[in-house]
Amino acid sequence: MKVKVFDNSALLYDYLCEKVISKIKENPNITLGLPTGSTPIPLYERLIQAYIDHKVDFANVTSINLDEYVGLGPTHNQSYRYFMDNTLFDHININKANTFVPNGMAKDLKQECENYHNLLVLKKVDLQILGIGTNAHIAFNEPGSSFESITRVVPLSKSTRNDNRRFFKKLEDVPKKAISMGISDILLAKKIIIVAVGSHKAEAIKNMIQGPITEEVPASALQMHSDVLVLLDQEAAKLL
Ligand code: F6R
């Protein structure tokens with residue numbers, strides 16, 4: 001893993017945005033793997049500005065999101081489809097038909113997961129952007145998830161539901177399950193950039209980089225990938 005630590009998060013996101021833009025320029029038909037959550041928001045803001053400034057063209061870009069809550073549809077303001085549309089897709093010239101987020105309302109969730117996994121195998125993510133949970137989850141692969149896992153329905157841990165509670169009125173409103181790309185799905189990506197900002201991520205980052213490769217630390221699976229870049233601010237890097 002290559003690790004880069006920035007003096008502040010603004011510098012980190014400027015760097016990340018430039019990296020994503022240069023990858024799109026290199027390959028306008030790129031497939032991006034995208035996360036939701038707080039971490040990518042400053043990246044998406046910068047990408048929108050770059051689009052407005054004619055610095056990047058998303059016309060032929062495909063995107064594949066990591067996960068979606070089970071039971072929340074595209075019009076629910078906490079669904080990840082809603083988040084992606086509002087935070088990025090509706091503000092750039094990406095073809096919506098080429099943006100993929102699992103359907104958390106699918107009648108047959110098992111089939112939905114199988115189709116999503118097949119999509120990943122077919123499209124092959126060129127650049128995967130990841131955030132990390134305070135318990136070192138990636139996507140919604142909670143501690144104990146198999147490194148062999150593919151897209152499936154997963155229960156959300158207490159700590160993740162607590163972390164995400166801030167987006168909902170009350171804890172009971174936070175869904176208990178999600179559809180998530182598996183660890184082995186994520187490792188299919190050709191290049192991975194994982195981003196962490198803030199001291200609450202420091203322990204997860206230390207375990208991911210310096211700890212043993214163990215299913216108890218889902219992000220430690222990234223040590224097995226040959227092209228991973230870790231972008232951190234000073235706080236997230238403070239235990240390294
Ligand atoms: C989101 C996702 C999650 C988040 C993680 C960090 O699609 O898959 O793994 O990346 O929970 O969330 P934030 O960025 O809100 O701290």
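For clarity, every value in this text was computed on a predicted model and none was experimentally measured. Just follow the structure's listing: the first ligand is 1, and inside any ligand the first atom is 1.
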Heavy-atom donor-acceptor pair, Glu68 side chain to Tyr80 backbone, under 3.5 Å: yes
Mind checking whether Tyr69 and Phe168 have ring centres under 6.0 Å apart? yes
Pro35 heavy atoms, cut-off 4.0 Å: which ligand 1 atoms fall inside? 7 (O)
Arg152 side chain near Met181 side chain, heavy-atom distance below 4.5 Å: no
Can you report which non-hydrogen protein atom sits closest to atom 8 (O) of ligand 1, along with the distance? Asp67 OD2, 2.6 Å
Please determine if Lys238 and Glu235 form a salt bridge, counting it only when a charged side-chain N lies under 4.0 Å from a carboxylate O. no
Option set Ser180, Gly131, Gly37, criterion heavy-atom distance to atom 10 (O) of ligand 1, minimum: Gly131
Over all heavy atoms of both residues, which pair between Ser157 and Asn135 is shortest? Give the atoms and the distance, please. OG-ND2, 3.5 Å
Among non-hydrogen protein atoms, atom 6 (C) of ligand 1 lies closest to Ile132 O, 3.4 Å
The closest protein heavy-atom partner of atom 11 (O) of ligand 1 is His137 NE2, 2.7 Å
Mind checking whether Lys158 and Arg161 have side chains closer than 4.5 Å, heavy atoms only? no
Among protein heavy atoms, which lies nearest atom 15 (O) of ligand 1, and at what distance? Ser38 N, 2.8 Å
Among all the protein's non-hydrogen atoms, which is closest to atom 16 (O) of ligand 1, and how far away is it? Lys201 NZ, 2.7 Å
Find all atoms of ligand 1 within a distance of less than 4.0 Å from any non-hydrogen atom belonging to Leu66, and give their numbers and elements. 8 (O)
Heavy-atom distance under 4.5 Å between the side chains of Asn86 and Tyr44, does that happen here? no
Is the number of heavy atoms from other residues, nucleotides or ligands within 6.0 Å of CD (Glu148) greater than 12? no
Near Arg166 (heavy-atom distance under 4.0 Å), the atoms of ligand 1 are 15 (O)
Just by modelled atom types, is the Thr134 backbone N or O under 3.5 Å from a matching donor or acceptor in the Glu203 side chain? no
Under 3.5 Å, N or O to N or O, is Phe167 touching ligand 1 that way? no
Students should be able to answer this: which protein heavy-atom is nearest to atom 1 (C) of ligand 1, and at what distance? Thr36 OG1, 3.2 Å
What residue and atom, counting heavy atoms only, is the protein's closest point to atom 14 (O) of ligand 1, and at what distance? Thr39 OG1, 2.5 Å
List the closest protein heavy-atom neighbour of atom 3 (C) of ligand 1: residue, atom name, distance to the nearest 0.1 Å. Ala139 O, 3.7 Å
